[in-house]
Amino acid sequence: MDNSQNTSFQASQVKGQTQEKASNMMDKAGNIAQSAKESSQEAGQQVKAKAQGAVDVVKDAVGAKK
């Protein structure tokens with residue numbers, strides 16, 4: 001293999017490694033985004049449940065609960 005072929009081969013290897021690292025980083029970013037989405041949905045459900053509980057307490061206090 002002459003010098004230009006060797007350089008081309010090494011460049012191809014570096015390109016492949018870079019693409020693999022970029023793909024891994026994108027996968028990790030996607031996982032982080034999904035986790036954040038799930039956490040925010042869970043937090044929203046907790047807030048909703050607490051708000052409903054507060055509404056029920058007020059209804060009980062004023063006798064509006066049927």
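This is a predicted model, so every value here is computed, not measured.
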Nearest 0.5 Å please: distance from the [atom1] atom of [X] over to the [atom2] atom of [Y].
X	Y	atom1	atom2	result
Lys21	Met25	NZ	CE	10.0 Å
Met26	Lys28	CE	NZ	13.0 Å
Asp60	Asp56	CG	CG	6.5 Å

>> Could you go through Gln17 and Gln13, starting from their C-alpha distance and side-chain angles, then the distance that decides it, and tell me whether this counts as side chain to side chain donor-acceptor pair (under 3.5 Å)?
In response: CA-CA 6 Å; Gln17 290 170 355; Gln13 282 188 316; 5.6 Å; no
Kindly say whether [Y] contributes a backbone atom to a donor-acceptor pair with the side chain of [X] at under 3.5 angstrom?
X	Y	answer
Ser35	Asn31	no
Ser8	Ser4	no
Gln10	Thr7	no

>> side-chain contact (heavy atoms from CB on, under 4.5 Å) for Thr18 and Val14? Distances and angles first, verdict last.
In response: CA-CA 6 Å; Thr18 302; Val14 169; 4.0 Å; yes
>> Is a donor from one side chain sitting under 3.5 angstrom from an acceptor on the other, for Gln41 and Gln45?
In response: no
>> The test is side-chain contact (heavy atoms from CB on, under 4.5 Å); show your working for Phe9 and Gln5 and say whether it passes.
In response: CA-CA 6 Å; Phe9 175 75; Gln5 287 175 323; over 6 Å; no
